[in-house]
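These notes are about the structure you will find just below.
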Amino acid sequence: MNPLRAYFSLVRWDWAREWKRKETLIAMAMMSLITLFIFSVAMPPVQEVLEDTRGGILWVTFVLAGTVGIDRAFRGDGDGRLLTGLLLSPVGRGTVYYARITSTMLGVVLMEAMTLGLFMLLFDQSLEWEGLLVVVGVTLAATLGFVAVGVILSAMTWSLRGGDAILRILLFPLLIPLLSAAVHATNEAFAGRPIGFQPVAVIGAFDLVFIGAGQLLFEFVVDGTETGT
Amino acid sequence: MNPLRAYFSLVRWDWAREWKRKETLIAMAMMSLITLFIFSVAMPPVQEVLEDTRGGILWVTFVLAGTVGIDRAFRGDGDGRLLTGLLLSPVGRGTVYYARITSTMLGVVLMEAMTLGLFMLLFDQSLEWEGLLVVVGVTLAATLGFVAVGVILSAMTWSLRGGDAILRILLFPLLIPLLSAAVHATNEAFAGRPIGFQPVAVIGAFDLVFIGAGQLLFEFVVDGTETGT
Amino acid sequence: MPDQRSLPVRVLDHPASYVAHGLLALAGLFYFGYLVATWVPFAIKQLKSSYLIFFFHFPNALNTFVFFGGCLGGSVLFLITKQPRWDRWARCSAEVGVMAGFVLLATGMTWAKAAWDHWWVWDDPRLMSAAVMMLTYLGYLTLQAGIEDPHKRRTFSAVFGVLAFLNIPIVHKAIEWFGETSHPPKLDGLSDPSIIATRWFGVLVFLILYLLLLRWRQSRLTTTEEIEDALDRIRRLEEAPR
Amino acid sequence: MPDQRSLPVRVLDHPASYVAHGLLALAGLFYFGYLVATWVPFAIKQLKSSYLIFFFHFPNALNTFVFFGGCLGGSVLFLITKQPRWDRWARCSAEVGVMAGFVLLATGMTWAKAAWDHWWVWDDPRLMSAAVMMLTYLGYLTLQAGIEDPHKRRTFSAVFGVLAFLNIPIVHKAIEWFGETSHPPKLDGLSDPSIIATRWFGVLVFLILYLLLLRWRQSRLTTTEEIEDALDRIRRLEEAPR
């Protein structure tokens with residue numbers, strides 16, 4: 001099959017499935033809401049403090065809620081039929097990997113859009129048009145890297161006992177450079193300053209390195225899964 | 001069997017099991033370490049900001065890492081033999097509930113002690129002796145309520161698909177009053193001020209209400225589990 | 001087959017009772033709107049949106065509590081009696097309570113924007129407790145939706161229904177005490193008899209409206225669950241050894 | 001049964017080679033201590049602890065990289081060849097690397113306390129990258145410990161071993177750029193030839209010491225895995241239909 005057509009049909013199929021039950025979307029939205037409220041309780045939601053913490057609150061929320069979605073990227077109905085089914089389909093593994101990144105990222109981005117809107121409303125933050133564009137751009141770019149490395153790790157951990165904790169233990173340290181760049185850029189954008197070249201370079205490098213490595217390594221992860229179960 | 005002896009032997013048995021593999025302890029310690037580092041990246045670890053955020057950083061770390069342990073309180077080897085085994089043993093269910101709270105709390109408190117020490121070292125915070133006593137007391141009292149309600153929810157969610165996410169979605173909103181009291185008291189203690197009566201009242205009320213309700217409701221949770229699987 | 005249900009149940013299930021209930025709610029809403037528009041003193045109307053919205057805010061606040069209380073009652077009764085209808089009662093009460101809660105939050109936020117120029121006021125204990133309550137009951141509904149085995153679902157939901165309600169007063173006290181202390185000014189002068197009468201009438205009207213919703217949700221859920229039960233019994237009969 | 005292993009393997013596995021290796025490491029350490037105590041210029045010794053600790057900090061920093069690089073090499077070779085020994089190589093390298101990393105962090109923290117009066121300096125990119133690297137490789141070891149099926153364990157660990165190493169340069173750059181900007185003063189004047197020679201000698205000495213550890217861990221792990229393999233094969237033979 002034409003890889004591009006296969007890719008689109010996989011993404012469509014994923015979305016039809018998720019859209020019917022919305023379980024993952026709801027779980028992510030709830031986690032995001034709850035995390036925002038926990039931050040408002042744990043750290044004073046006043047303007048002077050928020051100037052130093054808003055990027056962090058936003059991105060920790062993105063990561064905590066997004067990981068709920070990434071954790072489920074391969075769980076499907078919980079019995080592994082999803083990944084097995086995908087691999088039996090006459091589609092290259094690279095295509096499966098990119099399709100899975102795309103559909104997971106769609107869900108995560110939806111959650112992030114909701115979170116950003118709610119954050120600005122509840123924490124009384126505002127952005128100029130340029131700032132908003134920067135935040136959206138940075139969020140999309142950083143989410144791509146986040147999901148790309150998350151999907152690889154999710155494919156490894158979903159079948160393990162205590163896999164959800166292992167996923168987080170493996171994923172979060174890898175995300176630290178991405179997070180620090182995204183937090184820095186988001187804070188600059190909220191403060192109305194230009195973000196400069198550095199965050200773009202770090203996020204771009206992260207995306208390139210981990211999407212490239214991810215595509216190569218996905219093959220091996222699949223081999224490991226097949227003989228394992 | 002004498003309930004008190006049964007209780008102690010259950011706690012000892014739990015600990016012998018956990019101490020041999022240390023899986024949960026290691027997972028909690030890793031989550032705590034990672035969360036501390038994520039906060040240092042996401043929010044500037046400088047003294048002026050920390051004055052407003054230290055209680056929050058500490059308690060969000062406690063809750064995020066502690067939930068990993070609570071999530072596993074009934075998972076055992078992952079096939080539900082643990083809870084079933086416990087219920088077949090000739091021990092009252094109240095005893096099982098209290099024993100489970102105790103052994104889970106032991107693990108969580110160990111993690112919290114490590115986290116507190118590391119936090120003070122890494123974030124360069126110091127406490128007078130009285131402040132330390134207050135922080136330890138508040139932490140123990142709040143952890144009791146946290147674990148008491150967590151154990152009930154964990155007994156309900158461990159067998160569900162996506163149970164780890166559901167546990168968090170149910171648990172975190174319930175914890176908000178506990179968290180706000182504990183964060184407030186911790187911040188006051190770090191600032192060298194007296195914490196007053198209010199946090200003690202909220203944490204005490206939370207503990208009493210949820211331990212009482214927990215003991216009553218554990219019975220029903222067990223009934224639900226037995227017919228369910 | 002003669003109808004074996006008791007008389008009150010038969011009356012309540014009759015379509016005509018729904019129509020009557022709906023008409024009552026509608027009439028109440030109209031009269032409530034009329035009262036708000038004409039009876040309450042003009043002086044306070046100058047507060048405009050923040051004033052008008054109050055008459056929708058207050059009844060929804062009370063009704064949120066009423067229906068979350070209904071969820072508690074249903075949960076407790078289910079745990080005691082194990083009858084599925086109490087679970088349905090609790091679940092539908094939670095749904096209606098969440099709906100009332102959304103109206104409560106939406107009107108509260110509009111009011112906050114008009115009065116204090118912020119959509120959200122973290123240190124208003126009532127707004128915050130309402131939000132935390134909503135998070136908790138959204139969790140309840142997630143739990144109800146997330147379990148397939150019926151007995152497990154009902155039991156666990158009932159247990160959480162009890163815990164959720166117990167938390168409400170603690171949340172309220174904690175937020176009142178530990179919220180930031182930059183209290184925004186509160187609205188005063190709402191003690192005119194006409195205002196008090198109108199707002200309590202609003203409580204009644206919204207209660208009638210939400211009870212209609214509750215009945216509708218309950219009858220739908222009852223039908224669904226009875227069909228599922230019947231299918232289940234048929235399947236078991238077919239599978240049973242003769 | 002004649003020994004079928006190749007000559008180098010037989011030599012390396014002989015107990016005498018361990019003893020020789022150990023003696024070499026010990027002699028190196030003594031001579032290294034002698035150099036630190038006597039050869040390096042007295043002027044800098046006035047920095048005391050922060051100075052002495054440097055000679056233990058630097059070799060461990062380099063060796064951490066060497067062994068995490070070893071983990072990467074083992075992981076890649078395992079993915080290509082599927083031979084368990086490369087997985088063992090990667091795993092033991094990671095263990096030794098984490099050990100060197102602990103010494104690195106401990107000496108770094110002591111130095112930070114002595115020089116800047118803080119145990120931890122969030123904006124020192126080298127200290128921070130080392131800590132993040134440690135977190136990552138502790139995750140690697142958690143993964144190795146958390147999977148039972150051997151093929152799955154080896155494959156997944158190798159995949160993560162590659163990802164973990166790829167992240168190091170990005171972490172370093174990110175922390176250098178986005179760490180807080182209150183840079184504490186750095187130590188200067190470490191360019192005396194005796195200092196350079198001593199610290200590179202330290203690198204060599206610690207490399208020899210850690211290689212001994214690596215060999216020891218590897219031989220233990222090989223024995224364990226070979227016994228497990230043998231038991232597994234016996235069980236399968238017993239269970240097989242005749």
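Throughout, a chain's letter reflects where its sequence line sits, starting with A, and its residues are numbered from 1. As a basis for the values below, the full set of heavy atoms in this structure was taken, side chains included, without hydrogen atoms, waters or symmetry mates.
- Chain B forms more heavy-atom pairs under 4.5 Å with one residue of C:L135, C:V171, C:I170 than with any other, namely C:I170.
- For a residue to count as touching a neighbouring chain, one of its non-hydrogen atoms must lie under 4.5 Å from one of that chain's; by this rule B:I152 touches chain C with the side chain only.
- Contact annotation for B:F210: only side-chain heavy atoms (C-beta onward) come within less than 4.5 Å of a heavy atom of chain C.
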Apply the test side-chain contact (heavy atoms from CB on, under 4.5 Å) to residues B:L174 and C:F160: give CA-CA distance (whole Å), side-chain angles for both, the deciding distance (0.1 Å), then the verdict. CA-CA 10 Å; B:L174 291 184; C:F160 188 70; 3.8 Å; yes
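- Heavy-atom pairs under 4.5 Å with chain C peak, among B:F172, B:F206, B:F220, at B:F220.
- Residue B:M156 forms a side chain to side chain contact (heavy atoms under 4.5 Å, CB included) with just one option from C:V159, C:I147, C:T155, and that option is C:V159.
- Using a 4.5 Å cut-off between heavy atoms, B:L217 touches chain C through backbone and side chain atoms alike.
- Heavy-atom proximity under 4.5 angstrom to chain B picks out C:K82 from residues 80-89 of chain C.
- The two atoms that bring C:V132 and B:P173 nearest to each other are CG1-O, 3.8 Å, heavy atoms only.
- Taking a 6.0 Å sphere around CZ of B:R193, one finds it holds more than 12 heavy atoms contributed by other residues, nucleotides or ligands.
- Contact count versus chain C (heavy atoms, under 4.5 Å) is highest, among B:Q198, B:E219, B:H184, for B:Q198.
- Across every non-hydrogen atom of C:G139 and B:I169, the tightest pair is CA-CG2, 4.0 Å.
- B:I166 touches chain C through its side chain: at least one heavy atom from C-beta onward sits under 4.5 Å away, while N, CA, C and O do not.
- The most heavy-atom pairs under 4.5 Å with chain B, out of C:V162, C:L163, C:L138, come from C:L163.
- For a residue to count as touching a neighbouring chain, one of its non-hydrogen atoms must lie under 4.5 Å from one of that chain's; by this rule B:L153 touches chain C with the side chain only.
- Within a 6.0 Å sphere centred on CD of B:E128, heavy atoms belonging to other residues, nucleotides or ligands number 12 at most.
- In this structure, B:F197 CZ and C:W177 CH2 are separated by 5.5 Å, a value rounded to the nearest 0.5 Å.
- Both the backbone and the side chain of B:L170 come within less than 4.5 Å of a heavy atom in chain C.
- Note that OG1 of C:T136 and CG of B:L175 are 10.0 Å apart. Values are rounded to the nearest 0.5 Å.
- The CG atom of B:L208 sits 12.0 Å away from atom CG of C:L166, with the distance rounded to the nearest 0.5 Å.
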